[in-house]
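Chain A is the first sequence line, chain B the second, and so forth, proteins listed ahead of strands; every chain is numbered from 1.
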There are 2 protein chains.
Amino acid sequence: MVALRRIVRLFRLADREAEAQYGLSAAQLFVLHVLWQEPAMSLADVAARTMTDQSSVSTVVAKLVDKKLVTKKPATDRRRAELRLTAKGEIIVRTAPRLPQVSALDVIAAMPGKQRAELVRAFESFAAAIGANEMAPRMLFEDEPARPRRSRTDVPA
Amino acid sequence: MVALRRIVRLFRLADREAEAQYGLSAAQLFVLHVLWQEPAMSLADVAARTMTDQSSVSTVVAKLVDKKLVTKKPATDRRRAELRLTAKGEIIVRTAPRLPQVSALDVIAAMPGKQRAELVRAFESFAAAIGANEMAPRMLFEDEPARPRRSRTDVPA
DNA sequence: GGCCGATCCATGGGATCCCATGCATTGTCT
DNA sequence: AGACAATGCATGGGATCCCATGGATCGGCC
C-alpha cells in the first residue's frame with residue numbers, strides 16, 4: 001500500500017536540517033528526544049524505547065557522549081550506565097527541527113478525538129493482523145520468559 | 001504511537017527464514033518479488049518501485065546477478081539495463097517465505113471491503129498529515145520538473 | 001568464598017541505506 | 001560534426017541496523 005510505504009520512507013529520510021545545522025543524524029536526534037522525555041537507567045532502556053537493537057544504541061550514544069550532549073554515569077550495578085542530557089543536549093532538542101517520528105505524534109495529538117481514535121484503532125488492528133505485535137514484547141520490558149542468548153544454533157529453521 | 005512503531009520494526013526485522021535457507025536478505029528477496037511482479041526496464045525503475053535509492057538497488061541487484069537469480073541485459077539505451085528473474089530466481093520467489101511487506105498486502109486484500117477502505121483511508125490521511133506524500137512524487141515517476149543533480153551547493157540550509 | 005548462569009554493554013562483521021560524484025551515454029542545439 | 005546539458009549507473013564514504021560474541025559484573029546457590 002503506497003501510503004504506508006511513503007510513511008516508512010519519510011521516517012527513513014528523516015529531516016536533514018538537523019544534520020546540516022548541528023551535525024546530528026536522525027538517529028542521534030531521536031535518542032536525544034527520548035532522553036529528553038526521561039533519562040534512561042541503562043542502554044537497554046534506550047534501546048527498548050527507540051525499538052532498536054542494543055548494539056545500535058551503544059554506537060549512537062557513544063557519539064552523543066563524545067559531542068557532550070549526553071552524560072553516561074555508571075549505575076550502582078556497574079554493568080549499567082545512566083544516561084541523561086547535558087544542558088547543551090537539552091538546548092539542541094528544544095531548538096533542532098522536529099523529526100518526522102516526533103512531529104507525527106504532534107499531528108496525532110492535534111487530531112479531533114474521534115478521528116484520532118479511528119486512526120489508532122486502524123493502526124492497531126493492522127499491526128495485529130500482520131503479526132507486528134508479536135515482535136514487540138521483548139523490547140517493551142513486559143514480563144517474558146528469558147530469551148535464550150542468541151547463537152547460531154538458535155537460528156530459526 | 002506504539003502500533004506504527006511496531007509495524008516499522010516488523011518490516012525492519014524482516015523474516016530471517018529466507019536468509020537461513022536461501023542466503024538471501026530481506027532486501028534481496030524484496031527486489032526478487034518486485035521483478036516477479038514485472039521485469040524492470042532500468043535500475044531506476046526498481047528503485048522507484050522499492051522506494052529506495054538507486055545506489056542501494058545497484059548493490060542489491062549486483063548480488064542477485066552474481067547469484068544468478070536475476071539477469072541484467074543492456075537496453076537499447078546503453079546507460080540502462082533491463083532486469084528480469086532467471087528461472088532459478090522465479091522458483092525462489094515462489095517458495096521462499098513471504099516478507100512482512102509482501103504478506104501485509106495479502107492481509108489487506110483479504111479484509112472485508114469496508115474495513116479495508118477504512119484502513120486505507122486512515123493510512124492515507126495520516127501520510128498526508130505528516131507530509132509523507134511530498135516525499136514521494138520524485139520516486140513514483142510522476143510528472144515533475146527535473147530534479148537538479150545533487151551537489152554540495154544544493155544541501156538544504 | 002567459590003562456582004555458575006544470567007545480564008549488560010562494547011565491539012566485530014555484514015548488509016543496507018543515503019548523499020555525492022565520476023564516467024559513459026544520450027539528446028538537443030548550433 | 002561538435003559542444004554541452006541531462007541522464008543512468010557504479011562506486012566511495014559514512015551512518016545505522018542487526019546478529020554474534022567476549023569480557024565484566026551481578027545474583028543465587030552450595
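For the pair A/Thr59 and B/Thr59, both in contact range of DNA chain C, the more 5′-proximal nearest nucleotide belongs to A/Thr59. Nearer the 5' end of DNA chain D, as judged by each residue's closest nucleotide, is the contact made by B/Ala81, out of B/Ala81 and A/Val60. DNA chain D is contacted by both A/Ser55 and B/Ser56; B/Ser56 maps to the nucleotide lying nearer its 5′ end (nearest heavy atom per residue).
With hydrogens and angles disregarded, a donor-acceptor distance shorter than 3.5 Å links the side chain of A/Thr95 to the backbone of A/Ile91. Without hydrogens or angle criteria, A/Ser56 side chain to A/Thr52 main chain gives no donor-acceptor distance under 3.5 Å.
Residue B/Ser25 places at least one side-chain N or O closer than 4.0 Å to OP1 or OP2 of C/dT16. Proximity of A/Gln28 to the phosphate of D/dT16: a side-chain N or O atom is located under 4.0 Å from OP1 or OP2.
Checking each of A/Val34, A/Ile92, A/Leu35 against A/Leu85 for a side-chain contact (heavy atoms from CB on, under 4.5 Å) leaves exactly one that passes, namely A/Leu35.
By the criterion of side-chain heavy atoms lying less than 4.5 angstrom apart, applied directly or through intervening Ile, Leu, Val, Met, Phe, Trp or Tyr residues, A/Val46 is not grouped with A/Met41; the two fall into different hydrophobic clusters.
In this entry the distance linking NZ of B/Lys63 with C1' of C/dG14 reads 8 Å, nearest Å. Here D/dT21 presents its C1' atom at 11 Å from CD of A/Gln54, a figure rounded to the nearest Å. In this structure, CG of B/Leu83 is placed 14 Å from P of D/dG8, rounded to the nearest angstrom. One can place CE of A/Met51 at 16 Å from C1' of D/dC18, the figure rounded to the nearest angstrom. The nearest whole Å value for the distance from the CG atom in A/Asp66 to the P atom in D/dG14 is 16 Å. Rounded to a whole Å, the CG atom of A/Leu24 is 18 Å from the P atom of D/dG14. Between the CG atom of A/Asp53 and the C1' atom of D/dC19 there is a distance of 7 Å, given to the nearest Å. Taking atom CG of A/Leu43 as the reference point, atom P of D/dA24 lies 18 Å away to the nearest angstrom.
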Considering only distance and modelled atom types, tabulate donor-acceptor pairs under 3.5 Å from the side chains of residues 57-73 of chain B, sequence neighbours left out.
from	atom 1	to	atom 2	distance (Å)
B/Thr59	OG1	B/Ser55	O	3.1
B/Lys67	NZ	B/Gly23	O	3.2
B/Thr71	OG1	B/Arg84	O	3.4

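Under the side chain to side chain contact (heavy atoms under 4.5 Å, CB included) criterion, B/Ala75 pairs with B/Arg80, B/Glu82, not counting sequence neighbours.
Applying a 4.0 Å cut-off to non-hydrogen atoms, the residues of residues 70-80 of chain B that approach DNA chain C are B/Thr76, B/Asp77, B/Arg78, B/Arg79, listed by residue number.
With rounding to the nearest 0.5 angstrom, the CG atom of A/Leu83 is 7.5 Å from the OG atom of A/Ser42.
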